[in-house]
Structure formats: structure tokens, C-alpha cells
> 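This is the structure I have questions about; it appears just below.
Chain letters run A, B, ... following the sequence lines, proteins first, then strands; residues in each count from 1.
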Amino acid sequence: MKYNFNEIEAKWQKYWADNQTFKAKNPPLLGEMEGAPKFYVLDMFPYPSGAGLHVGHPLGYIASDIYARYKRHKGFNVLHPQGYDSFGLPAEQYAIQTGQHPALTTEENIKTYRRQLDQIGFSFDWSREVRTSDPSYYKWTQWIFIQLFNSWYNKDSNKAEDISELIKIFASEGNLKVNAVCDDTIESFSAEAWNAFDTVKQQQILLQYRLTYLAETEVNWCPALGTVLANDEIVNGVSERGGHPVIRKKMTQWSMRISAYAERLLQGLETIDWTESLKETQRNWIGKSVGASVFFPILSFPKGEEKAGSEKRPGYLTGGNNSHLILERAKEMRANPTLAEAALWEQLRNKNLDAKFRQQHLIEDYIVDFVCLDKKLIVEVDGKIHDSQIEEDAKRTEILENNYYKVIRFTNDEVLGNIEGVLKTIQEELSKRASVKNTQVPPSGARGIEVFTTRPDTIFGVSFMTLAPEHELVSQITSPAQKAEVEAYIEATAKRSERDRMADVKTISGAFTGAYAEHPFTKEPIPVWIGDYVLAGYGTGAVMSVPCGDQRDYDFAKHFNIPILNIFSITNPPPSEGSGEDKAFTEKSGFVLMNSGFLNGLSYKEATQKVIIELEKLGQGQGKTNYRLRDAVFSRQRYWGEPFPVYYVDGMPQMIDAKHLPIKLPEVEKYLPTETGEPPLGNAKKWYWLQYGDKADIVSKEEFDNSSPLGRLGGALELNTMPGWAGSSWYFNRYMDEHNENEFASKEALNYWKDVDLYIGGSEHATGHLLYSRFWQKFLFDKGLVPVDEYAKKLINQGMILGTSAFVKNLNFVFKYKSEEDLIEDTPTASVYFAPLYVSNNILKDKERLEKLLIDLINSNSKFKTLKNYIQSGKFETEPEIFFYEKHADVSFVNASDELNIEAFKNWREEYKNAEFICEEDGTFRVKREVEKMSKSKYNVVNPDQICVEYGADSLRLYEMFLGPLEQYKPWNTAGITGVHGFLKKLWRLYHQGENESFYVTSSPPSEGLGEALKTLHKTIKKVQEDIENFSFNTSVSSFMIAVNELTEQKCTSKEILEPLLILLSPYAPHIAEELWSQLGHAESISTAPFPKFYASHLVESSKNYPISFNGKMRFTLELPMDFNPQQIEEAVMAHEKTQEQLQGRVPKKVIIVPGKIVNIVG
RNA sequence: GCUCAAGUGGCGGAAUUGGUAGACGCGCCGGAUUCAAAAUCCGGUUCUUCGGAGUGCGGGUUCGAUUCCCGCCUUGAGUACCA
């Protein structure tokens, strides 16, 4: 009987499907699995692309499948599901090109994937399949989004809580005491103020606290793809998919407040068994730095503003950088008020409204009519002229409101006609606003520079400050003398693209602002510079520069001749470090401080503690932790993604009630943005939410506009869709209870399966999927929706399988003219005139031979007749000048010995039809091989379908594992598969040693016993078990080979050996194992047969073949009984003739004997 | 620059607590079978001047180092002026 793998594999794949062999059982219907431990093995589900699978894709699936099958043999209730991450860009790009609905192409692609996966024999429980693009799935993605919207992060309880709690707090005590994660620019308000806000205002404020929120953010806009990209979707400044340019753009977007979880995402890494490099990547991405925030008051101001500042509240300056220019104008305006202004001032000046107002006051670069500085309320009275400058006014209002001022406007007519009404409005606004006096007590000047530093201990080494050129203070503090220089510098840096700044880190540039800040302790003035090595986006966009302790500060100081003060008394210098004098000393240990006032003699740790206490006493700083992790943009201007369950009323987002979910993706005519630049959903004819009571519908704009507003809810639906990572951030929970229509998964299922025990996938998801999904899991955990806050206990990254490309060498040559006189433009001997010529790789190495072969060819081949005649004219050099090009040949034309199938290659493309080939002496044509990424364009893609047809799925599975360690990158070379295929044939023969290769396994042990065979078996049991548990799948394939080689040698036919061997092999090569298992007489699948037990007693040896070393070098071996004691061993070794031969009369100094291991003779 | 991972025959790789370096497989060489080829089977295969040498390089610890320590080089991945 032959090993007919195609037949066997089809048979068992059908059996598994028909019998639902791998269906995992959920409580309460556990059946025979009652009491069995659970085990959840998960693969990162694939995006079903149109190209189908290549041999690199199933690598991780094979590994996880082996593990899952192994755990079943070990008696676990195993959950091993699979599904599809089926929303995404490629299907949509394809839809744009072809007009085909992405749902259709996705469905097609999934069919291909499923067929390919099935033929490899995975033990997936397909009854639990999920697809992120399926409405029954994304219903729950939308539901989770709503939960995020309805939550805020309470820093006191350190978890997400319901937004209704926050509203209660606001209503009873305002937001002053709330310790929440929120936007940076939050205004403070009292309970009274909150209750007085209209609902739009309240919603605006709440958005600043919600875990998913709408905000104008600077995003990575990719014009070619027409969408926003996340940071991890951009590689080297271009889009990861397609390599299109990406620009920065401001847009209103949904964001996820992942920053709230920064610390917990960092801490959680300690509790999970993920690869160290992956954890390190996540740590980097989170970017925690611990230090202090320090406040440096500004000492000097440009002329004019100094005065303005010293008027009443020293240091509290509201004017902008140009104050000294505008001040005169303000005075003039005060003296000449309009009629309306005068009337209103009359009312305001006497504190009739219980608030102090100023008239014609400087705020930034504007002169405002009236301002209450304490409440930051601006009152403007507009004359006729303002009708013609509405836009300018709007801009002015925006700038002022960005600085937390509230601007209210009245017309002259209002003021003059209804002054009571105007005053009432002002009074109402005043009562809504919190007093600045209560919240903000300026230390020695409210205007100063706040910096974040990780080295507060070095504060006495500060010799200058550096601001990012974009820093908002720059325009305000620059002195008139420095203005031109500063502005020129800002302009120059703004022009430099992101790429330039990245590429050119070395050039030092900056400018002095002319301003000085005050050192918190020495009270000395410190010059304030700007420099583009300080990033606006990190920390506060300003640094205290300590040249002796930071190399960039040092370089900057040297470049601009700023004094450098050394504060390090170095006690233990690391060899490569500077002393602080000639190079920055950046270590945190090996020194005590000097020249540092009260910090003298202290170490980094002591000084840091002390200086923070002192800063707090001064009110000029406190300990602070910074994270680099930014909130994640959650909107995509695409069609093929989850729609948001959101509609808008008065520009404010409203969540649709969960009972109306899913909000299904609407049909659109085309998948491109609309003419007005809206996302593709803007093309939907019906995309308005219309709801009365429990009845709801999605309708057209006309229908909505014509509907009765009485009791109506609804509005325009959100046009963006969710990003690719939305659906993949929680799918592992859905597999536990995939068909549940009432919950995303039942409590019972979640509590039973809890978390993923083994998760396998690529490391390219380190900062995308793997971070976001941890964030969502922690959020769901906070809300009591899942039982654990880390969803994957162990994670392994499988390495990529690379392709082994084949290159043919295209030979080109020129015979040169001997005489320049003969030279004409068109050289008749150039090879372009003749048949394309290819030369075997090995010949290239021998240039002389190649030349000879070439000339022989020209002389003998009729295709080169014209050329031959030319050469014989005698005008040319006899030796040609040779050069060549490499061209990819399809790897399927090349065999294991790198020989090209010339006929196949010729027929591949028209241009190769007439090619001539210079072959090796043996007539073969060799290609050059090189390892590259597996890709269509390199013609090195190997399709698993082909392998399964030629060698079978079991061979494919074994070979993928055999290639090398799972985590490692390794090249695929189809040639090598004959090794494992041969092994399977040999295995088959081991069970078919009967007549005519018939099945033959004996039940009774042979008379001479099973000694050797048992040793082989148990050695293999031990090895395979250890290997699987250590995820070292490559080595167990080797041990199977060794076992089969040995058993074949032993002519073993015993069932006692051959039956357990099949169970060992079954996780790796399940089809052949099932087949032989059934031939052994079993009616049931092998899949749950108990894993054989290992007995060490079978491996006990009576003698040991000792390696005998001389000075650590093994020279010969000596078989000695195991029970010899060291003395007996020494005697036996010393008596041996080879020992004497090695020693050549010398007397050994020492003899090391480790019984059972080695003998080493020294001397 | 920083962080992490890795460097072993012609190739993929093995050597799990420091103890016979190169298991297993590919390829190559030789043989058997065959009219012949493929397929299959058997044997050999780190280099070598036959003394030895040898796990990227240079040191060190040890009776003994691919394994531990120090310094360096190369490759790959991540990150990028992060204060």
C-alpha cells in the first residue's frame, strides 16, 4: 500500500468537518469535558486579501494548531477559533477601481482563504467564526464605542466610570475638585455655573472628559488614500499601504483617550508573558518619564509692557508681544470713546455688577473694549464698521477664546436702546464663570515658563532656557532688539519639513529672545533662547537647559558661547563619559552635586527628592510624570469600516440607543469622497437618523426635514467610519460566545474562558492592535464587563518566512573598434542587435572561460552570423567587453540544485522566446539565489496549494516547523521539503512492513523484548513534550526523524511502540496519524487520545561512552560501566594506550572526572 | 544616537543547568537499482599543510566556554532631537 497523501488528507478533513471534531464546548454543556481545564489558543485573525495565502502566512497557524492539538491530547477543553478581520483599505481601493461592493470581494476572498486553510488541516472550531464586517459582530463594536462615550476616567479610583457620576459631581460642586483625565484646555466652573450652562455647553464640556471624544486634532492626512492614518500606519513619512505621502492637517475627529490608561498599560506588561522585545516596543511607545515640572518666572519684558505689567498686578500681563506698540493707541481710545462705549463704561466702572472691569485693555495683540480680568470675560461693543469685518472679528474671538477668555458682543443699538438687557446678559455670563483669583495665584509673576525635566536635581546647572520656536510665549517675551532675529529664525524652521528636521539632527540652530527668566533658587536671571531641538509637542515645549548634564544643551551652549557651569563632582566615572566640563555628564550615578547650593554633596536620588520639596514650598514646581503616548484618532474618512452609532444635533454628537444597533453600513453609489470633500458615507442617499419614541429609521435628508419636530430625535448621521483596529480590539472575547444576540458575550462564557492562554501572531502589530486591544480590555474590565484586565497571558511572535529568489544573468557585451577612425555612432557589435544571451551563474566566476565560450557561440550559432562577419572584418578588438544584468526568474522554474528549467523560462515571456543560454559543462544552467521578502514582484512567492498537491499538507506542516525556530526570520526553499516528505514515506513504510507493503503491526512483543525500541519511544516522548511546551517545534521534527530512522533500523513492528508514536506525531502531521490510527483498528479520531506518559526507567543505561579530553580537547572516547566510581574511571583511563600516546610520557597535573559526563586530563 | 534580537559547515539549523561542536534535513560526492533518466535505497560530507585549528573579532573567568564576564565589529527590528 502506497502512502497516498492526497486521498488520506481529503478523507480526514472531511471526517473532522462532518463530525465537528474540534468544536469547543461551553458551560453549562461541557459534557465529558466537565472538570477538564480550559485552554484558549488564538491566532491573530487574517485580513482576507485578494492574493490568497502564501507559505509564509500559515506558519503561526501551524504552530498554534500543534499546540492546540497537543493540549487536547493532554485532556484540556481547547478553544481554537478562527475568523476574519474583514474591514479594511484594500477591499475599498479595489471597490473604487472596479465598482464592486467591498462586501462581495471580501466574501470571495474569504472563500479562498477558507479553502486554503482547510486544506492544511487546521483544528479550528469554525462554528465560532467571526467577521468584523458582519453587522451581527460590529453591532457590539458600536456598542462598546457607546460605552466608551459614556465613560470618563477617574484618577482617584484609577478606573473608568460612568459619565452620569461626573455629571452629578459637576451639578453639586463644579469641576474644581474632580481628578479626571481630560483635555489640557479645560475651564473651571462652579456648580452654579454648570447648572446655568445650556445643554450644548454642557455637552461640549463633557466631551472633554469622555473616553472617546470629538475634537479638532492635527492628523496625518493621506491625500492619495483620502483618509487619516494613525501614527503606526505611517512608515518613514509615507503610508504603510501604498507608500503615499502624508501631510499634517487639522480636522474634527473622534479620538480615544488611551492616554488615560498609559500607566496601567505600562504596569500590565509586568504581568504578562510576552516577548521582551515586544514589551520594550510598547514601553517605548508609552514613553513614561518621571521628573518634575518647574516654573521659571519671566524677569524682563520688552519696553512698554513692563509698565503695563506693573500697573496693578505685578507680573500679570495680558498684553501680547506687541503691547508696547499698541499701548499708545489704547490710551487714545480710552480718551475718545464712542457714545455706546461711554454709556456702557458708565455702568461698568462703578462695580455695579460686582465685578471689576477695565476699558480699552490689552489682551494679546488686541485692544478689547471692556474686560473683567478676574472672570476672563470680554465685552465688545461693535459699531457699524464691524459689519464689514465679521471674519476678522471671528478670528479675533477665536484667538481670545483659545486663551480661555469668553467674548460677548453687543451692537451700538443694543447698548444705547436696551442697556438694562445688556447688563443682564453680562451679569449672567459673569455668574457662569469661575473667578481667576480663586484658581490662579501667580507666584512671582503669572507669566513664566513651565518646563518638564527628568533631572530636577541639576537645577543649579541651568544656564539658559530653550523654548520650541512654536512656543506661544515666544511672541510675547521677545525684546524689540531681538525681534527681527527671532522672527527670521521661526520662519526658517517653519520652512524645514519634518523630514529635513529628522535627517539633520546635527546642525545646531537657535536664537536669543532677549528675555530673561528668574532661577527659582538663585534668583539669577537666565537668558531665554529658542531652538528647534526643543519639540513643541512634548512636555511643555520648553526646557531648562543644563549644558553640563545634557549633550544637546551642551552642544547648544558651546555653539552660542553660553557659559557652562559644572555641577558634577564625579566619583566614579564611566570610561566613555565626559566630566561635565568638556562633554555632558549624563549618568544618574557616580557623582555628587557641587555648585548647587542646598543640594551640594547629594546624589541624584537624594537631590531629586529634596529639590521637589523645595520647589513645592516656593509654589514653583512639583513632581510630575510625563507620557509620550498620545490619544488615538478613531475616525477614518472611508467607506469599508464600522459606522458610528452617532447622529448630530446642534453640532453635538448624540449616541443612538443600544437597542437600535447595529447601525448598518449604507449603500453608496461610489466609494470616493463627495464633491464637497466629505467622506464616502456622504454619498449615501439615506443617512439621517429619525426616531420617535422606540420607532427609529434611517432616512434621507428630505424625509428628515419634512418630518414633524414634535417628539423627534435624530439628525445627520456621522460620516466617518471606525479604523481597522476597532473590530480587532475585542474579537478574542467574542469567540467565547460568538452567536450571542443579547450581549457581546455571556458572563458565563467570559468567566469560563477568561483569557487567551496562547496568542500567536506577527510583531508588526506591536504598537497598533496589541496596544489598543489591551486598552479596550482594561476599559471593559473597569466597567465590569470582562473578568480580566489583560486578555492574553502568553504571546509569541512568529518570524517572517522569506523567499529565496532566483536570478538569471543576462549577458551583454561590446566589441570595441580598434581604430577611432572606424568609430560610428551605432556600434554594430552591441549585443542589443542579437538574441538575448543568458549565462549560467557558475561560469561568470571564470572570466576567461566565459569569453572563450562567448566567442565559440558567436562563431558557431547562426543567430550571430552578422556579428561574426563584423568581427572578421578585423576592425574590432578580439576580446569583448562584458557586463551583465540580473533578472528575476520565477522560483518554480528552478530545482533543488539551482538548475533552471530553460524551456519553462523561455515560454514564460515573449522577450525570452529567442534567448540563447550559455550552460555549464554538464549542460545545466544555474541561477543565482538570494533571500528576499516573499513578494509577487520578486517571483519568489510559493503557494501552499501547490505544495499540498505535490507533497501533502502533513509535509507542508512539518516542513514549515522544520525550517527553524518559530520566532526567527528564515528563508523558504521548496527544495528542502523532500526531506520531511521522505520522512513521512519512511514512517508509512514502518507501519507497512508486510507482504507487498501491506499494513503490518504486531500485538505481541518480540521474544528478545522491546528494550531498544522502548528507549527510542520514550526518548522521543520526553523530547517532543519538552519541545512543544517550549515552542521549539523545529527540534521535535528532528526527533521524529531520528525515532523513525532508529525504529526502521530495529525493524520494529510492535503495536506497543508504534501506537503511542502516532499520538506524538498527530499534532504535527494529523492526517497520516489519523489514517494509521484507524488502520490500527481505532474507530474514534486520534485527536483526544491521551498523550503517552514518559518513563525515565526506559532510558537507564548500563554503560557510558566517556569522552576523554586533554586540556579540554576531546581526543577519543572510552566505553565504561555506569557504576564505576571516579577512581575506577581514572585507573581505566590512565591504563588506556591512547592516553599514554597523548601524554607522550608527561605526567598529568590533574585529572578531572565527572561521573556520567566527562574525563579531562590536564598537563 | 538609543533599545531589543541575532552572528555556528555550501544552505536551513542542533547542542535545554558550562562537559564529545556541527544532531536532523537540504545540497554536494560516491555506490546500488535502471537500456537511460527521474524516483528510490545505501555510504561519505566543518576546514586542514594531517601536527592540528575551529562557533563574528579581541581579551578574561574556568580543568573545560557556542554557553558566563568585559570591550569591539556586522546584520536585522523598533524608535527617533522625549528634556
Side-chain angles (χ1 to χ4, degrees), chain A residues 275-285 287-289 291 451-455 458 466 468 501-508 531-535 537-546 549-553 555-556 575-576 626-628 763-764 766-767 797 799-800 804 895-898 929 931 958-959 962-965 967-983 985-986 1023 1026-1027 1030 1032 1034-1042 1045 1105-1117 1148-1154 1156-1163:
Chain A
T275 57
E276 199 43 49
S277 66
L278 194 137
K279 289 194 200 179
E280 197 58 34
T281 306
Q282 292 210 345
R283 281 188 201 112
N284 269 331
W285 199 258
K288 179 181 183 176
S289 42
V451 301
F452 173 73
T453 174
T454 55
R455 293 297 301 274
T458 63
T466 316
R501 273 170 89 158
M502 263 165 69
D504 176 26
V505 188
K506 297 254 153 61
T507 310
I508 296 159
D532 70 356
Y533 79 96
V534 177
L535 303 178
Y538 185 76
T540 59
V543 299
M544 57 176 226
S545 302
V546 183
D550 182 286
Q551 196 55 46
R552 286 158 309 164
D553 294 344
D555 295 341
F556 195 88
S576 61
N626 243 13
Y627 298 93
R628 200 166 59 106
S763 58
E764 65 273 22
T767 52
N797 292 126
M800 203 187 289
T804 313
N895 75 1
S897 310
D898 298 345
R929 308 223 73 157
V931 173
L958 281 172
Y959 189 51
F962 186 66
L963 281 178
E967 298 92 330
Q968 211 164 294
Y969 279 52
K970 55 222 167 231
W972 176 272
N973 189 351
T974 306
I977 202 171
T978 55
V980 291
H981 188 65
F983 154 74
K985 287 201 268 190
K986 200 165 175 180
K1023 178 80 176 137
E1026 283 171 1
D1027 282 349
N1030 292 316
S1032 171
N1034 54 329
T1035 47
S1036 34
V1037 178
S1038 302
S1039 29
F1040 288 133
M1041 291 174 170
I1042 294 167
N1045 287 345
N1105 195 21
Y1106 278 96
I1108 312 300
S1109 311
F1110 294 81
N1111 299 318
K1113 278 275 166 200
M1114 202 279 288
R1115 293 304 173 207
F1116 63 93
T1117 60
K1149 285 184 193 137
K1150 206 174 182 183
V1151 180
I1152 309 282
I1153 291 168
V1154 185
K1157 291 258 179 183
I1158 53 110
V1159 176
N1160 190 17
I1161 297 163
V1162 188

> Closest approach of A:Arg455 and A:Met544, non-hydrogen atoms and distance?
O-CE, 3.7 Å

> Please report, rounded to the nearest Å, how far the C1' atom of B:A80 is from the CH2 atom of A:Trp285.
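So the CH2-C1' distance, A:Trp285 to B:A80, works out to 11 Å.
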
> Between B:A77 atom P and A:Glu276 atom CD, what is the distance in whole Å?
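It works out to 20 Å between those atoms.
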
> Looking only at atom C1', what distance separates B:G54 and B:A15, rounded to whole Å?
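Looking at atom C1' only, B:G54 and B:A15 are 16 Å apart.
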
> Tell me the partner of B:A21, counting only Watson-Crick (N1-N3 plus N6-O4 or O6-N4) or G-U wobble (N1-O2 and O6-N3) with both under 3.5 Å; none if nothing fits.
none

> Nearest to the side chain of A:Leu535, heavy atoms from C-beta on, is which of B:C42, B:C82, B:G78?
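Closest nucleotide to the A:Leu535 side chain: B:C82.
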
> Quick one: sort the A:Phe983 and A:Phe1040 rings into parallel, tilted or perpendicular, breaks at 30° and 60°.
parallel

> Please state the C1' separation for the pair B:C42 and B:U33 - nearest whole angstrom.
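One C1' to the other, the span is 11 Å.
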
> Which value, in whole Å, describes the distance between the P atoms of nucleotides B:U62 and B:G12?
36 Å

> Looking for any heavy atom pair under 4.0 Å, which part of the strands does A:Asp555 touch: base, sugar-phosphate only, or nothing?
nothing

> Scan nucleotides 19-30 of chain B nucleotide by nucleotide, 5' to 3', and note B when protein non-hydrogen atoms come under 4.0 Å of the base, S if they reach only the sugar-phosphate, - if neither.
BBS-BBSSSS--

> Using whole Å, report how far NZ of A:Lys279 lies from P of B:G78.
20 Å

> Could you check A:Ser277 against A:Val543 and say which one's nearest nucleotide on RNA chain B is further toward the 5' end?
A:Ser277

> Tell me the interatomic distance from A:Asn284, atom CG, to B:A77, atom P, rounded to whole angstroms.
16 Å

> Could you walk me through whether A:Asn1045 and A:Lys986 pass the side-chain hydrogen bond (donor to acceptor under 3.5 Å, both in side chains) test, one step at a time?
CA-CA 8 Å; A:Asn1045 287 345; A:Lys986 200 165 175 180; 2.7 Å; yes

> For the pair made of CD in A:Glu967 and P in B:C4, what is the distance, rounded to whole Å?
18 Å

> With rounding to the closest Å, how many angstrom separate the C1' atoms on B:C47 and B:G22?
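One C1' to the other, the span is 12 Å.
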
> Would you classify A:Lys288 as touching base, sugar-phosphate or nothing, given that sugar-phosphate means primed atoms plus P, OP1 and OP2, and contacts are heavy atoms under 4.0 Å?
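Contact class for A:Lys288: none.
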
> Scan every strand shown for a Watson-Crick or G-U wobble partner of B:A39, both distances under 3.5 Å, and answer none if you come up empty.
none

> Between A:Asn1030 and A:Leu278, which is nearer to the 5' end of RNA chain B once each is assigned its nearest nucleotide?
A:Leu278

> When you get a sec, tell me which of B:C63, B:U16, B:A83 is the closest nucleotide to the side chain of A:Asp1027?
B:U16

> Does A:Tyr1106 use its side chain to pair, donor to acceptor, with the backbone of A:Lys1157 at less than 3.5 Å?
no

> Quick one, A:Thr1035 with A:Asp1027, criterion side-chain hydrogen bond (donor to acceptor under 3.5 Å, both in side chains). Give me CA distance, side-chain angles, the key distance, then yes/no.
CA-CA 7 Å; A:Thr1035 47; A:Asp1027 282 349; 3.0 Å; yes

> Kindly label the base of B:G59 as syn or anti, based on whether its glycosidic torsion lies within 90° of 0.
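Base orientation relative to the sugar is anti.
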
> For A:Glu280, answer base if it contacts any base atom (sugar-phosphate contacts may also be present), sugar-phosphate if it contacts only those atoms, and nothing otherwise; contact means non-hydrogen atoms under 4.0 Å.
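Touches sugar-phosphate only.
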
> Measure from CG on A:Asn797 to P on B:G78 and round the result to the nearest Å.
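Rounding to the nearest Å, CG of A:Asn797 and P of B:G78 are 12 Å apart.
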
> What integer distance in Å separates A:Phe1110:CZ from B:G64:C1'?
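Rounding to the nearest Å, CZ of A:Phe1110 and C1' of B:G64 are 14 Å apart.
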
> Ignoring hydrogens and geometry, is there a side-chain-to-backbone donor-acceptor pair from A:Lys970 to A:Pro965 under 3.5 Å?
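Yes, A:Lys970 side chain to A:Pro965 backbone: donor-acceptor pair under 3.5 Å.
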
> Is B:G12 syn or anti, taking syn as a glycosidic angle within 90° of 0?
anti

> With a 3.5 angstrom cut-off on both distances, give the Watson-Crick or G-U wobble partner of B:C57, or none if there isn't one.
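Pairing partner, where one exists within any strand: B:G71.
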
> Look through every strand shown and name the nucleotide pairing with B:A77 as Watson-Crick or G-U wobble, where both distances are under 3.5 Å.
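Because both required distances fall under 3.5 Å, B:A77 counts as paired with B:U3.
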
> Using the P atoms only, state how far B:G7 lies from B:C68, rounded to an integer number of Å.
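Nearest-Å result for B:C68 against B:G7 at atom P: 11 Å.
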
> Between A:Ile977 and A:Phe962, is any pair of side-chain heavy atoms under 4.5 Å apart?
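Contact flag for A:Ile977/A:Phe962 side chains = no.
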
> Looking only at the side chain of A:Arg628 (C-beta and beyond, no hydrogens), which of the listed nucleotides B:A80, B:C63, B:C42 gets closest?
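Between B:A80, B:C63, B:C42, the one nearest the side chain of A:Arg628 would be B:A80.
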
> Between A:Gln968 (CD) and B:G7 (C1'), how many Å, whole number?
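Taking CD of A:Gln968 and C1' of B:G7, I get 10 Å after rounding.
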
> Should B:U34 form a Watson-Crick or G-U wobble pair with both distances under 3.5 Å, which nucleotide is its partner?
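Base-paired to nothing in any strand shown.
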
> Between A:Val543 and A:Arg552, is there a side-chain heavy-atom distance shorter than 4.5 Å?
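They are not in contact (no side-chain heavy atoms under 4.5 Å apart), so the answer is no.
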
> Between B:U20 and B:U55, how many Å separate the two C1' atoms, rounded to a whole number?
15 Å

> I'd like to know if the side chain of A:Asn1160 reaches the main chain of A:Gly1112, judged simply by a donor and an acceptor atom lying under 3.5 Å from each other, with no hydrogens or angles considered.
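Yes, because the side chain of A:Asn1160 sits within donor-acceptor range (under 3.5 Å) of the backbone of A:Gly1112.
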
> If I pick the C1' atom on B:G52 and the same atom on B:U34, what distance separates them, to the nearest angstrom?
45 Å

> Do A:Met1114 and A:Ile1158 make a side-chain contact, defined as non-hydrogen atoms from C-beta onward lying under 4.5 Å apart?
no

> May I ask you to verify if any side-chain N or O of A:Lys1149 is less than 4.0 angstrom from the OP1 or OP2 atom of B:C63?
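False: A:Lys1149 side-chain N/O out of range (4.0 Å or more) of B:C63 OP1/OP2.
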
> B:C28 pairs with which nucleotide, Watson-Crick or G-U wobble, both distances below 3.5 Å?
B:G44

